[in-house]
Amino acid sequence: MIKFNIFSITLRRFIVLVSTGILFATGIWLLNQAPSLRGYWYRFNTEAEMGTFFCEKTIMDHFVRQPMNTFSNFIYWLTAVVILNRGWKDRTKRNRYNIISANPFYSFTLGGIMLYIFCSSVFFHSSLIHFAGELDFSAVYCLSLFPFMYFTHRLWLLRLGIPSNQRHAKSTRTLIVVFTLAYFLLTFGTPGFDRNYIVLAIIVMVVGFAIAVERYDPGKTNHYYLVTCMLSILFAAMWFGFDLHKVFCDPDSLIQPHSLWHLFSGIAAFYFYMYIRSEKNKL
(Lines give C-alpha, C1' and ligand atoms only; values in the text may rest on other atoms or scores of the structure.)
Protein backbone atom coordinates (compact mmCIF):
# COMPACT_ATOMS: atom_id res chain seq x y z
CA MET A 1 0.00 0.00 0.00
CA ILE A 2 2.81 2.42 0.87
CA LYS A 3 4.57 1.73 -2.43
CA PHE A 4 1.31 2.28 -4.31
CA ASN A 5 0.74 5.62 -2.56
CA ILE A 6 4.27 6.76 -3.41
CA PHE A 7 3.75 5.71 -7.04
CA SER A 8 0.39 7.52 -7.14
CA ILE A 9 1.89 10.74 -5.76
CA THR A 10 4.83 10.54 -8.18
CA LEU A 11 2.47 9.96 -11.12
CA ARG A 12 0.28 12.93 -10.14
CA ARG A 13 3.33 15.18 -9.89
CA PHE A 14 4.59 13.98 -13.26
CA ILE A 15 1.19 14.67 -14.87
CA VAL A 16 1.10 18.16 -13.34
CA LEU A 17 4.65 18.81 -14.56
CA VAL A 18 3.95 17.70 -18.13
CA SER A 19 0.59 19.53 -18.22
CA THR A 20 2.18 22.76 -16.99
CA GLY A 21 4.95 22.48 -19.57
CA ILE A 22 2.41 21.90 -22.35
CA LEU A 23 0.36 24.91 -21.20
CA PHE A 24 3.47 27.10 -21.17
CA ALA A 25 4.46 25.97 -24.67
CA THR A 26 0.89 26.45 -25.92
CA GLY A 27 0.83 29.96 -24.46
CA ILE A 28 4.01 30.85 -26.36
CA TRP A 29 2.55 29.48 -29.61
CA LEU A 30 -0.76 31.32 -29.17
CA LEU A 31 0.96 34.64 -28.45
CA ASN A 32 2.91 34.31 -31.69
CA GLN A 33 -0.28 33.63 -33.66
CA ALA A 34 -2.03 36.81 -32.51
CA PRO A 35 -1.95 39.41 -35.35
CA SER A 36 -2.51 42.27 -32.89
CA LEU A 37 0.77 41.46 -31.14
CA ARG A 38 2.94 41.44 -34.27
CA GLY A 39 5.73 44.00 -34.02
CA TYR A 40 4.80 44.82 -30.42
CA TRP A 41 8.40 45.16 -29.20
CA TYR A 42 9.50 47.58 -31.92
CA ARG A 43 8.37 50.48 -29.76
CA PHE A 44 11.06 49.64 -27.17
CA ASN A 45 14.84 50.05 -27.28
CA THR A 46 16.59 46.97 -28.69
CA GLU A 47 20.32 46.64 -29.45
CA ALA A 48 20.96 46.27 -33.18
CA GLU A 49 22.79 42.94 -32.84
CA MET A 50 20.02 41.22 -30.87
CA GLY A 51 18.50 39.69 -34.00
CA THR A 52 21.62 37.57 -34.56
CA PHE A 53 23.24 37.50 -31.10
CA PHE A 54 21.88 34.06 -30.19
CA CYS A 55 21.98 30.91 -32.28
CA GLU A 56 18.19 30.49 -32.33
CA LYS A 57 16.42 31.96 -35.35
CA THR A 58 14.94 35.21 -34.12
CA ILE A 59 11.72 36.50 -35.65
CA MET A 60 11.63 40.13 -34.60
CA ASP A 61 7.96 40.58 -35.63
CA HIS A 62 6.76 37.93 -33.17
CA PHE A 63 5.69 38.69 -29.63
CA VAL A 64 7.88 35.82 -28.40
CA ARG A 65 10.92 36.42 -30.55
CA GLN A 66 12.81 33.33 -29.38
CA PRO A 67 10.33 30.53 -28.57
CA MET A 68 12.83 27.79 -27.64
CA ASN A 69 15.06 29.96 -25.49
CA THR A 70 11.92 31.28 -23.83
CA PHE A 71 10.40 27.85 -23.21
CA SER A 72 13.62 26.43 -21.72
CA ASN A 73 13.21 28.80 -18.77
CA PHE A 74 10.60 26.33 -17.55
CA ILE A 75 13.40 24.59 -15.62
CA TYR A 76 13.69 27.65 -13.37
CA TRP A 77 9.98 27.61 -12.57
CA LEU A 78 10.14 23.90 -11.78
CA THR A 79 13.16 24.34 -9.50
CA ALA A 80 11.47 27.24 -7.73
CA VAL A 81 8.34 25.22 -6.99
CA VAL A 82 10.36 22.31 -5.55
CA ILE A 83 12.48 24.58 -3.32
CA LEU A 84 9.58 26.70 -2.09
CA ASN A 85 7.62 23.55 -1.27
CA ARG A 86 10.50 22.23 0.85
CA GLY A 87 10.83 25.55 2.62
CA TRP A 88 7.12 25.62 3.40
CA LYS A 89 7.35 22.16 5.00
CA ASP A 90 10.41 23.20 7.06
CA ARG A 91 8.34 25.80 8.91
CA THR A 92 6.59 23.16 11.01
CA LYS A 93 9.39 20.62 11.41
CA ARG A 94 10.86 20.16 14.87
CA ASN A 95 14.03 18.40 13.75
CA ARG A 96 16.54 20.87 12.33
CA TYR A 97 19.76 19.49 10.89
CA ASN A 98 21.33 22.55 9.24
CA ILE A 99 21.01 26.23 8.36
CA ILE A 100 18.43 25.50 5.68
CA SER A 101 15.97 23.59 7.87
CA ALA A 102 16.59 25.94 10.81
CA ASN A 103 16.05 29.00 8.60
CA PRO A 104 13.32 28.42 5.96
CA PHE A 105 14.27 31.93 4.84
CA TYR A 106 17.02 30.33 2.73
CA SER A 107 14.57 28.10 0.86
CA PHE A 108 12.14 30.98 0.32
CA THR A 109 14.97 33.22 -0.87
CA LEU A 110 16.41 30.73 -3.36
CA GLY A 111 12.92 29.78 -4.54
CA GLY A 112 12.13 33.46 -5.01
CA ILE A 113 15.38 33.97 -6.92
CA MET A 114 14.53 31.09 -9.26
CA LEU A 115 11.09 32.61 -9.89
CA TYR A 116 12.76 35.96 -10.54
CA ILE A 117 15.15 34.32 -13.02
CA PHE A 118 12.21 32.59 -14.72
CA CYS A 119 10.24 35.82 -15.12
CA SER A 120 13.17 38.02 -16.16
CA SER A 121 14.60 35.50 -18.63
CA VAL A 122 11.19 34.79 -20.17
CA PHE A 123 10.72 38.56 -20.51
CA PHE A 124 14.14 38.98 -22.11
CA HIS A 125 14.00 36.12 -24.62
CA SER A 126 10.45 37.05 -25.56
CA SER A 127 11.25 40.71 -26.16
CA LEU A 128 15.06 41.04 -26.50
CA ILE A 129 14.65 44.67 -25.41
CA HIS A 130 17.38 46.50 -23.48
CA PHE A 131 15.45 46.86 -20.21
CA ALA A 132 14.64 43.14 -20.14
CA GLY A 133 18.33 42.35 -20.70
CA GLU A 134 19.28 44.48 -17.69
CA LEU A 135 16.64 42.74 -15.61
CA ASP A 136 17.86 39.34 -16.76
CA PHE A 137 21.43 40.07 -15.70
CA SER A 138 20.31 41.38 -12.32
CA ALA A 139 18.84 37.92 -11.75
CA VAL A 140 22.30 36.45 -12.45
CA TYR A 141 23.66 38.64 -9.65
CA CYS A 142 20.96 37.29 -7.32
CA LEU A 143 21.83 33.69 -8.06
CA SER A 144 25.60 34.19 -7.75
CA LEU A 145 25.26 36.05 -4.43
CA PHE A 146 23.08 33.39 -2.80
CA PRO A 147 25.82 30.73 -2.29
CA PHE A 148 28.19 33.53 -1.22
CA MET A 149 25.72 34.44 1.53
CA TYR A 150 25.24 30.80 2.56
CA PHE A 151 28.97 30.04 2.93
CA THR A 152 29.56 33.36 4.71
CA HIS A 153 26.87 32.36 7.20
CA ARG A 154 28.41 28.92 7.71
CA LEU A 155 31.85 30.43 8.34
CA TRP A 156 30.42 33.00 10.73
CA LEU A 157 28.71 30.31 12.81
CA LEU A 158 31.86 28.17 12.75
CA ARG A 159 33.83 31.15 14.03
CA LEU A 160 31.36 31.62 16.88
CA GLY A 161 31.23 27.90 17.63
CA ILE A 162 27.46 27.78 17.08
CA PRO A 163 25.97 24.66 15.41
CA SER A 164 24.42 25.59 12.09
CA ASN A 165 21.11 23.96 13.01
CA GLN A 166 20.57 26.60 15.70
CA ARG A 167 19.09 29.93 14.74
CA HIS A 168 21.31 32.97 15.21
CA ALA A 169 19.23 36.06 14.56
CA LYS A 170 22.08 38.58 14.49
CA SER A 171 24.06 36.83 11.73
CA THR A 172 20.93 36.14 9.69
CA ARG A 173 19.68 39.74 9.84
CA THR A 174 23.12 41.17 9.13
CA LEU A 175 23.68 38.97 6.08
CA ILE A 176 20.24 39.77 4.68
CA VAL A 177 20.99 43.49 4.88
CA VAL A 178 24.56 43.21 3.53
CA PHE A 179 23.76 40.98 0.57
CA THR A 180 20.61 42.92 -0.32
CA LEU A 181 22.73 46.08 -0.46
CA ALA A 182 25.35 44.19 -2.51
CA TYR A 183 22.65 43.17 -5.01
CA PHE A 184 21.44 46.74 -5.47
CA LEU A 185 25.01 48.03 -5.72
CA LEU A 186 25.90 45.51 -8.41
CA THR A 187 22.64 46.04 -10.30
CA PHE A 188 22.57 49.84 -10.27
CA GLY A 189 26.02 50.98 -9.17
CA THR A 190 28.47 49.35 -11.56
CA PRO A 191 27.98 51.13 -14.92
CA GLY A 192 30.74 50.58 -17.44
CA PHE A 193 32.13 47.48 -15.73
CA ASP A 194 32.26 44.12 -17.48
CA ARG A 195 29.54 42.31 -15.57
CA ASN A 196 30.76 38.88 -16.60
CA TYR A 197 34.04 39.51 -14.75
CA ILE A 198 32.12 40.66 -11.66
CA VAL A 199 30.13 37.41 -11.66
CA LEU A 200 33.35 35.44 -12.21
CA ALA A 201 34.93 37.18 -9.21
CA ILE A 202 31.91 36.29 -7.06
CA ILE A 203 32.13 32.65 -8.19
CA VAL A 204 35.85 32.53 -7.30
CA MET A 205 35.09 33.88 -3.82
CA VAL A 206 32.26 31.35 -3.41
CA VAL A 207 34.64 28.50 -4.30
CA GLY A 208 37.17 29.82 -1.78
CA PHE A 209 34.56 30.04 0.98
CA ALA A 210 33.23 26.57 0.11
CA ILE A 211 36.73 25.08 0.41
CA ALA A 212 37.15 26.80 3.79
CA VAL A 213 33.85 25.41 5.07
CA GLU A 214 34.61 21.87 3.90
CA ARG A 215 38.08 22.09 5.42
CA TYR A 216 37.08 23.34 8.86
CA ASP A 217 33.78 21.47 9.16
CA PRO A 218 34.23 18.33 7.02
CA GLY A 219 32.09 15.26 6.56
CA LYS A 220 28.67 16.81 7.10
CA THR A 221 27.48 17.21 3.53
CA ASN A 222 26.81 14.96 0.56
CA HIS A 223 29.62 15.71 -1.88
CA TYR A 224 27.78 13.93 -4.71
CA TYR A 225 25.38 16.87 -4.84
CA LEU A 226 28.24 19.38 -4.87
CA VAL A 227 30.09 17.54 -7.66
CA THR A 228 26.88 17.32 -9.72
CA CYS A 229 26.30 21.03 -9.18
CA MET A 230 29.83 21.91 -10.32
CA LEU A 231 29.64 19.66 -13.38
CA SER A 232 26.29 21.22 -14.30
CA ILE A 233 27.85 24.69 -14.03
CA LEU A 234 30.68 23.63 -16.34
CA PHE A 235 28.24 22.18 -18.89
CA ALA A 236 26.11 25.34 -18.66
CA ALA A 237 29.15 27.56 -19.29
CA MET A 238 30.20 25.33 -22.20
CA TRP A 239 26.81 25.65 -23.92
CA PHE A 240 26.73 29.38 -23.22
CA GLY A 241 30.08 29.70 -25.01
CA PHE A 242 28.88 27.51 -27.87
CA ASP A 243 25.87 29.78 -28.28
CA LEU A 244 27.98 32.94 -28.39
CA HIS A 245 30.43 31.50 -30.93
CA LYS A 246 27.79 29.60 -32.94
CA VAL A 247 29.27 26.16 -32.27
CA PHE A 248 26.83 23.28 -32.98
CA CYS A 249 24.44 25.99 -34.09
CA ASP A 250 21.28 25.14 -36.02
CA PRO A 251 18.97 28.19 -35.89
CA ASP A 252 15.88 26.09 -36.65
CA SER A 253 16.57 23.28 -34.18
CA LEU A 254 14.23 22.59 -31.27
CA ILE A 255 17.31 22.16 -29.08
CA GLN A 256 19.33 25.36 -28.83
CA PRO A 257 22.72 25.89 -27.11
CA HIS A 258 21.26 28.70 -25.01
CA SER A 259 18.36 26.47 -24.01
CA LEU A 260 20.90 23.95 -22.72
CA TRP A 261 22.56 26.77 -20.79
CA HIS A 262 19.21 27.34 -19.09
CA LEU A 263 18.72 23.63 -18.46
CA PHE A 264 22.11 23.02 -16.85
CA SER A 265 21.92 26.27 -14.86
CA GLY A 266 18.61 25.15 -13.39
CA ILE A 267 20.03 21.70 -12.60
CA ALA A 268 23.06 23.33 -10.94
CA ALA A 269 20.81 25.48 -8.73
CA PHE A 270 18.75 22.43 -7.73
CA TYR A 271 21.78 20.34 -6.79
CA PHE A 272 23.35 23.21 -4.88
CA TYR A 273 20.15 23.36 -2.85
CA MET A 274 20.32 19.60 -2.30
CA TYR A 275 23.95 19.98 -1.22
CA ILE A 276 23.24 22.63 1.42
CA ARG A 277 20.23 20.65 2.66
CA SER A 278 22.38 17.56 3.05
CA GLU A 279 24.42 19.03 5.92
CA LYS A 280 23.84 17.01 9.09
CA ASN A 281 24.28 18.18 12.66
CA LYS A 282 23.58 16.19 15.79
CA LEU A 283 20.19 17.00 17.29
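Computed over heavy atoms, backbone and side chain alike; hydrogens, waters and symmetry mates excluded.
By the side-chain contact (heavy atoms from CB on, under 4.5 Å) test, D250 pairs with D252, S253, sequence neighbours left out. For Q66, the side chain to side chain donor-acceptor pair (under 3.5 Å) partners two or more places apart in sequence, or in a different chain, are T58, N69, H125. Applying the salt bridge (Lys or Arg N to Asp or Glu O under 4.0 Å) test to E214 and every residue at least two apart in sequence or in another chain returns nothing. Listed by chain and number, the residues in a side chain to side chain donor-acceptor pair (under 3.5 Å) with Y116 are S138, Y183 (sequence neighbours excluded). For D90, the side chain to side chain donor-acceptor pair (under 3.5 Å) partners two or more places apart in sequence, or in a different chain, are R277. With sequence neighbours left out, the side chain to side chain donor-acceptor pair (under 3.5 Å) criterion links D61 to Y42.
In this model, a donor atom of one side chain and an acceptor atom of the other lie less than 3.5 Å apart for N73 and S121. When only modelled atom types and interatomic distance are considered, S72 and Q256 share no side-chain donor-acceptor pair under 3.5 Å. Checking Y106 against H153 by side-chain atom types alone, a donor-acceptor pair falls below 3.5 Å. S107 and Y273 share a side-chain donor-acceptor pair at under 3.5 Å.
Judged purely by atom type and a 3.5 angstrom limit, S278 uses its side chain to pair as donor or acceptor with the backbone of Y275. With hydrogens and angles ignored, the 3.5 Å screen pairs a side-chain donor or acceptor of S144 with a backbone N or O of Y141. Counting only distance, with no hydrogens or angles, the side chain of R65 and the backbone of S127 share a donor-acceptor pair below 3.5 Å. Distance alone, capped at 3.5 Å, is enough to place a donor-acceptor pair between the N98 side chain and the E279 backbone.
Atom OH of Y224 is surrounded by 12 or fewer heavy atoms from other residues, nucleotides or ligands within 6.0 Å. The number of heavy atoms from other shown groups lying within 6.0 Å of CZ (R91) is above 12. The local environment of CG in L234 is crowded, with over 12 non-hydrogen atoms from other residues, nucleotides or ligands closer than 6.0 Å. Within a 6.0 Å sphere centred on CZ of F137, heavy atoms belonging to other residues, nucleotides or ligands number more than 12.
Judged by a 6.0 Å distance limit and a 45° cone about the ring axis, R43 is not positioned over the six-membered ring of W41.
In this structure, F272 and F146 have perpendicular ring planes: the angle between them is above 60°, well past the 30° mark. Classification of the H262-H258 ring pair by plane angle, with boundaries at 30° and 60°, yields perpendicular.
Using a 4.5 Å cut-off on side-chain heavy atoms (C-beta onward), M205 and F148 make contact. Side-chain contact between W156 and L175 is present, with at least one heavy-atom pair separated by less than 4.5 Å. Side-chain atoms of M68 and F54, non-hydrogen and from C-beta on, never get closer than 4.5 Å to each other. The shortest distance between side-chain heavy atoms of W88 and L84 does not fall below 4.5 Å. Side-chain atoms of L155 and R159, non-hydrogen and from C-beta on, never get closer than 4.5 Å to each other. Side-chain contact between I276 and I99 is absent, with no heavy-atom pair separated by less than 4.5 Å. Residues T152 and F179 meet the side-chain proximity criterion, which asks for heavy atoms closer than 4.5 Å. Between W77 and L115 there is a side-chain heavy-atom pair separated by less than 4.5 Å.
Exactly one residue among F123, F24, F74, F71 makes a ring-ring contact (aromatic ring centres under 6.0 Å, His included) with F118. That residue is F24.
Note that CG of N222 is 10.0 Å distant from NZ of K280, once rounded to the nearest 0.5 Å. Between N103 atom CG and H168 atom NE2 the span is 11.0 Å, to the nearest 0.5 Å.
Residues in residues 12-75 take part in these disulfide bond (SG atoms under 2.5 Å apart) pairs, two or more places apart or across chains: C55-C249. Applying the disulfide bond (SG atoms under 2.5 Å apart) definition to pairs two or more places apart or across chains, none involves residues 196-233.
Between L157 and S171, the closest heavy-atom pair is CD2-OG, 4.0 Å. The two residues L143 and A269 have their closest heavy-atom pair at CD1-CB, 4.5 Å. Considering all non-hydrogen atoms of both residues, I75 and G266 come closest at CG1-CA, 3.9 Å. Between A80 and M114, the closest heavy-atom pair is CB-CB, 3.6 Å. Taking every heavy atom of both residues into account, A268 and I233 meet most closely at CB-CG1, 3.7 Å.
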With a cut-off of 3.5 Å and sequence neighbours excluded, list every side-chain donor-acceptor pair involving residues 26-37.
residue	atom	partner	partner atom	Å
T26	OG1	I22	O	2.7
N32	OD1	F63	N	3.3
N32	OD1	V64	N	2.8
N32	ND2	V64	O	3.2
Q33	NE2	W29	O	3.4

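Listed by chain and number, the hydrophobic cluster partners of L23 come to none, as no ILVMFWY side chain reaches under 4.5 Å of it. Through direct or relayed side-chain contacts under 4.5 Å between Ile, Leu, Val, Met, Phe, Trp and Tyr, I59 connects to no other residue. Other members of the hydrophobic cluster containing L181, listed by chain and number, are V177; membership follows side-chain contacts under 4.5 Å among ILVMFWY residues, whether direct or relayed.
For F264 and F235, the distance between ring centers is under 6.0 angstrom.
Under the 4.5 Å side-chain heavy-atom criterion for ILVMFWY residues, a single connected hydrophobic cluster contains both F248 and L263.
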